[in-house]
Undergrad: 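Dumping the structure here so I can ask a few things about it.
Whatever order the structure lists them in is the order used to number ligands and atoms, beginning at 1.
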Amino acid sequence: MISTDEQRGLFWLDTPSTSYVLQIYETGHLILLYWGKRLPHEDIRYLYPCYGGAFCPNLFDAPNGYVCPDTLPLEYPTFGLGDYHEPAFYARNPAGDRLCDLRYAGCRLTDGVQTVPGMPHVRAAQAPAQTLELTLRDPRIGVTVRLYYTVFADSDVIARCAAVRYDGGETLVLHQAASAHLELPDGRFEAIRLPGAQCREREIERTPLGAGRLILDSRRGASSHQMNPFLALVRPKTGEETGDVYGFSLLYSGNFRICAEQDQFHMTRVQIGINPFDFAWRLRSGEEFWTPQAVMVYSGEGLGGMSREFHRLCRRRISPPAFARTHRPVVINNWEATYFDFDEEKLAALADACRELPLDLFVLDDGWFGHRDAGNSSLGDWTVHARKLPHGLEPVIRAFAENGLAFGLWVEPEMISPDSELYRRHPDLCLHVAGREPSLARSQLVLDLTREDVRTYLLETLTGLLKAYPIRYLKWDMNRPLSNVGSSAWPAEEQASLSHRYVLGLYSLLQTLTARFPHLFIEGCSGGGGRFDFGMLYYVPQIWTSDNSDAMSRLKIQYGTSLVYPPSTMAAHVSAVPNHQTGRITDFTVRGDVAACCCFGYELDPRALIPEEREAVCAQVERSRRIEPLVLEGDFYRLRSPFAGNDCSWMLVSPDKTRAVVLYAHVLSRVSEPADRLCLRGLDPEKRYRILPGGQVLSGAVLMAAGLIRPRFHGDFQTCFYELQEELANGESQF
Ligand code: GLA
């Protein structure tokens, strides 16, 4: 997988279908020669002939006087030598110097993955992995940067991170240290990103890259609804299944930045890591700083190829192994059923109404603690609401258990309400800037997770709850972005490190809690999908994809999310109509079909279900269990984009291609609709499949080339859902 050609100064990182080739340039700088389709090992040093750039400084010790750092495809560029791009590394030493000249100082090859202290990282799995460590050094200022590259025998993804060490005396202030940086040799790219808002997460936007810097980032303290930590650079003709894609993401849940910069020679530099805005990390002599890990993939098979690589990586090497590929509880959640308005009696009635519904688990959402009757109190006081639940949680848990449902609980540990006992006792435990009133969002403040005493309080409080009650499932919410990022626990010179320390604090809390309760299933949430990233997905197997539960809105949200994250990470529920967010009315079946390929559940009042709907629940849950292996392990294909037209379609194919499911959704009804065939993907052309409903048997070849004819719809917001099963030669199928 990784080989070194010492004579030529080359490092070959080969994945099953790609090659990433680095060279120690004659000046000692590390440059990227090639990244793309897999290459045979030949002498490819000709790819970057040494040339100087017009109006650019040359390196002082360049062999023939003409090596210009501005035109070298530097792998970890620095500031000050005459490279005017965004640097990967920027720091100020005690003398005030920012110039740094990192040159190659050694390499090390190890078996296995690279771990990152205190942060999520790709995990070891069955298939082997190898890690290359490349050391760059500037002895003059005592800076050493170690770049780590992990490649896998079963994946085209490359995981990267960097460690910065300082040995120059006193303190170095680090402002910028990219997780990954690289340069591609041309600029004929379009950029695909996932912007959004609450209830409108991860919309797909595709634009020409153009000259200058494209910055995608978050300054909100969380990865955010507004921009997901993801960028794909694609060729103008790249589609779902064909064409070049370079995809980038990050195992990080805080302020990130991705920069794609097309320069004067139309070369493209890409950089991903912690957002350097408002970031300063002090390194005393002898200390190290680790960046979060980035993951990047080249696919020659279009966006679908990229997504499937990220999906497999997430399932096998990011998600918590105990839950990644095991049965997900089909939940019913009371948020949209009751909001804050419930008590023991009402919950008992909900439990009764669940009798004979084949659900696995009830989640008691917000409002069960302190004196929380609305969104303006009690966060921080994680004791049971005495008026609503005078006998504690036991009768609620019992009532659901009697009807066959396990119990899950909503918590929002990172927050504190000004109207809480905790705040009255310790007003300084929230993030705040000395002498200023912190700003409220949803009437709440953010706890200072950079403080160990705060983390200990949360750990012990959650431990108390989890020990007191048989809680199988936690919904871990985070309902506001960070602001007033200051802490009385840290000295003045550390204040600009706090956003990162907050994320480290969160990870440490999640790490300790999940180690203490290895069977606890946690669903992530942040006002829906405001912290949907590979960092959180290292600790939680699934995330509530959006607070928007409307089926038609969910087409776009789930389709956009699937660009990076597998369906097994997206929680999707059937909710009541008119939908609480959009006011739209859709059929119960349609709501079930749109949620079916994700982690399935309900977000409604079971007392309000009419008999036909109760029957539909039984059929939907039965289907969800039947198709769950595909949701957990299947390959996802996007067939029709809801961003491009009036319909949406996706499908899942089992790894052995014996089974598949297809969703087709038609948004608005149109008269004299153009003729249309839906060509499937990912099937085995040689296999024959029985298609339900209908029972027709067709080969994979026909289904992929000629396609299905979808039914004619009458009325808006319609779906059909197909299940395909291989039909064996003797006419048997396993339906
Ligand atoms: C957030 C979540 C919702 C619900 C509410 C409760 O908005 O996304 O699902 O839990 O909080 O306050």
Side-chain angles (χ1 to χ4, degrees), residues 196-202 220-226 228 253 329 331-342 347 350 361-382 385 388 407-420 440-447 471 473-482 521-533 536 540 542-551 553-554 557-558 561 569-576 579-582 591 595 598-605:
Q198 197 201 2
C199 289
R200 191 162 47 71
E201 290 91 340
R202 291 170 291 285
R220 294 165 191 268
S223 49
S224 87
H225 297 90
Q226 288 72 14
N228 197 257
S253 312
V331 308
I332 180 158
N333 175 305
N334 74 313
W335 177 241
E336 289 195 14
T338 65
Y339 295 102
F340 294 104
D341 181 18
F342 60 82
L347 293 179
L350 294 190
L361 188 139
F362 169 71
V363 181
L364 180 57
D365 211 282
D366 196 354
W368 61 267
F369 51 93
H371 60 278
R372 189 150 164 107
D373 296 319
N376 59 3
S377 85
S378 307
L379 294 165
D381 299 344
W382 298 106
H385 193 305
K388 289 186 192 174
F407 185 71
L409 195 62
W410 178 96
V411 286
E412 198 182 355
E414 298 160 69
M415 298 293 153
I416 180 167
S417 307
D419 178 10
S420 67
L440 295 170
R442 212 193 193 214
S443 312
Q444 63 199 52
L445 300 167
V446 184
L447 275 176
I471 297 169
Y473 180 115
L474 275 188
K475 177 173 170 189
W476 184 298
D477 212 340
M478 191 249 193
N479 275 326
R480 60 157 293 175
L482 272 49
F521 187 104
I522 308 182
E523 175 169 298
C525 181
S526 175
R531 204 163 53 181
F532 206 124
D533 56 68
M536 285 310 286
V540 307
Q542 64 190 45
I543 294 175
W544 179 228
T545 317
S546 175
D547 271 350
N548 188 341
S549 63
D550 166 58
S553 311
R554 278 296 186 115
I557 294 167
Q558 291 165 201
T561 304
T569 61
M570 295 183 220
H573 295 172
V574 173
S575 60
N579 178 267
H580 292 199
Q581 292 79 41
T582 61
R591 283 171 268 155
C598 300
C599 313
F600 191 70
Y602 293 87
E603 186 93 10
L604 44 69
D605 187 339

Undergrad: Taking side chain to side chain contact (heavy atoms under 4.5 Å, CB included) as the test, write out the residues that go with Ser417, two or more places apart.
TA: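 Partners of Ser417 under the side chain to side chain contact (heavy atoms under 4.5 Å, CB included) test: Arg372, Leu379, Ser420.
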Undergrad: Identify which one of Asp365, Leu347, Leu350 satisfies the side-chain contact (heavy atoms from CB on, under 4.5 Å) criterion when paired with Phe342.
TA: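 So the option named by the test is Leu347.
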Undergrad: Please determine which of Ile471, Asp366, Leu474 meets the side-chain contact (heavy atoms from CB on, under 4.5 Å) test together with Val411.
TA: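 Checked Ile471, Asp366, Leu474 against Val411; only one passes side-chain contact (heavy atoms from CB on, under 4.5 Å): Leu474.
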Undergrad: Check each protein residue for a heavy atom under 4.0 Å from ligand 1 and list those that pass, ordered by chain and number.
TA: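 Ligand 1 is contacted, at a heavy-atom distance under 4.0 Å, by Trp335, Asp365, Asp366, Trp410, Arg442, Lys475, Asp477, Asn479, Cys525, Gly527, Gly528, Trp544, Asp547.
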Undergrad: Only counting residues at least two apart or in another chain, list the ones meeting side chain to side chain contact (heavy atoms under 4.5 Å, CB included) with Asp419.
TA: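 Asp419: side chain to side chain contact (heavy atoms under 4.5 Å, CB included) contacts with His371, Ser377, Arg424.
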Undergrad: Got a sec, which residues hit ring pair (Phe, Tyr, Trp, His ring centres under 6.0 Å) with Phe407, two or more places apart in sequence or on another chain?
TA: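 Phe407 satisfies ring pair (Phe, Tyr, Trp, His ring centres under 6.0 Å) with no other residue.
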Undergrad: Between Phe340 and Trp368, is the ring centre distance below 6.0 Å?
TA: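 Judged by ring-centre distance (under 6.0 Å), Phe340 and Trp368 do not meet the cut-off.
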